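These figures come from a predicted structure and were not determined experimentally.
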Amino acid sequence: VFKVTEDTPHHNYQILTKRAERIAEYFYARNVPRNAWIGVTVECKETKVRIDCIRNLNASVKFLSCEPLLEDLGDLCLQGINWIIVGGESGAQARPMKEEWVLNIKRQADANNIPFFFKQWGTWSKDGIKGNKKTNGKLLQGVVVQNMPHINK
């Protein structure tokens, strides 16, 4: 996969994992291709430890995917992080996401000048009504917030 990534520098690749220790181990003695964005899923407080696994990698973009966001993450150490994506869970067994959890992360991203991307509400609306992710949409406080990281190639 990383050979293809290196051979196609005109594309950016988002590599997202829940196995943060493995990606850190893999890149311990290797360079991260410049066009490979490395991210970890952080859906609850217990998984915040994944952030430390990518924080010091030499990737051009290191990101958090807080999707599905299952609880308030509290304070986050965002040193070395370049992008944060947040979204709700979808599907028949989806769990609701609260707006204050999203806004907590957004406040921290803003305070650290980190682009914030709100993907969607998921199966549950911001008002706590179970429905359809398309109907629930992607408005956060009445606006679409889908900021991307700026990278120099």
Is it the case that the side chain of [X] and the backbone of [Y] share a donor-acceptor pair, with hydrogens and angles ignored and the cut-off at 3.5 Å?
X    : Y    : result
S60  : R34  : yes
D72  : W101 : no
N132 : K134 : yes
E67  : I85  : no
W37  : N12  : no
N35  : H11  : yes
K62  : L57  : yes

For residues 139-149, which side-chain N or O atoms pair as donor and acceptor with protein atoms under 3.5 Å away, sequence neighbours left out?
residue: Q146; atom: NE2; partner: F118; partner atom: O; Å: 3.1
residue: N147; atom: ND2; partner: F116; partner atom: O; Å: 3.4

Looking only at heavy atoms, what is the nearest atom pair of [X] and [Y], with distance?
X    : Y   : value
I114 : N82 : CG2-C, 3.7 Å
T5   : A36 : CG2-CB, 4.1 Å
W124 : A94 : NE1-O, 2.9 Å

For atom NZ of K98, is the number of surrounding heavy atoms from other residues, nucleotides or ligands below 6.0 Å larger than 12?
->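 Counting other residues, nucleotides and ligands, NZ of K98 stays at 12 neighbours or fewer.
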For D75, does the CG atom sit with more than 12 other heavy atoms under 6.0 Å from it, leaving out its own atoms?
->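 Open.
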Centroid separation F117 to F63 less than 6.0 Å =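 Aromatic pair excluded; centres sit 6.0 Å or further apart.
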How long is the gap from [atom1] on [X] to [atom2] on [Y], to the nearest 0.5 Å?
X    : Y    : atom1 : atom2 : answer
I129 : N136 : CD1   : CG    : 8.5 Å
M97  : E71  : CE    : CD    : 13.5 Å
L103 : K106 : CG    : NZ    : 8.0 Å
L76  : I84  : CG    : CD1   : 6.5 Å
C53  : R22  : SG    : CZ    : 12.5 Å
L64  : L69  : CG    : CG    : 11.5 Å

Shared ILVMFWY cluster between [X] and [Y], side chains joined below 4.5 angstrom?
X    : Y    : value
L16  : I23  : no
V102 : I81  : yes
V61  : I54  : no
V4   : I38  : yes
V49  : I105 : no

Considering only heavy atoms from C-beta outward, does the side chain of C77 approach that of R55 to under 4.5 Å?
->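 SC-SC contact between C77 and R55 confirmed.
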Can you find a pair of side-chain heavy atoms, one from P33 and one from F27, that are under 4.5 Å apart?
->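 Side chain of P33 against side chain of F27, heavy atoms only: contact under 4.5 Å found.
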So, N104 and Q108: side-chain donor and acceptor under 3.5 Å apart, yes or no?
->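 The criterion, which ignores hydrogens and geometry beyond distance, is satisfied for Q108 and N104.
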Could you list the donor-acceptor pairs under 3.5 angstrom formed between side-chain atoms of residues 86-93 and any protein atom two or more places apart in sequence or on another chain?
residue: E89; atom: OE1; partner: R95; partner atom: N; Å: 2.9
residue: E89; atom: OE1; partner: R95; partner atom: NE; Å: 2.9
residue: E89; atom: OE1; partner: R95; partner atom: NH2; Å: 3.4
residue: E89; atom: OE2; partner: R95; partner atom: NH2; Å: 2.9
residue: S90; atom: OG; partner: Q120; partner atom: NE2; Å: 3.4

Before accepting this row, confirm whether a basic side-chain N of the pair E100/R107 lies closer than 4.0 Å to the acidic partner's carboxylate O.
->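 No, E100 and R107 are not salt-bridged.
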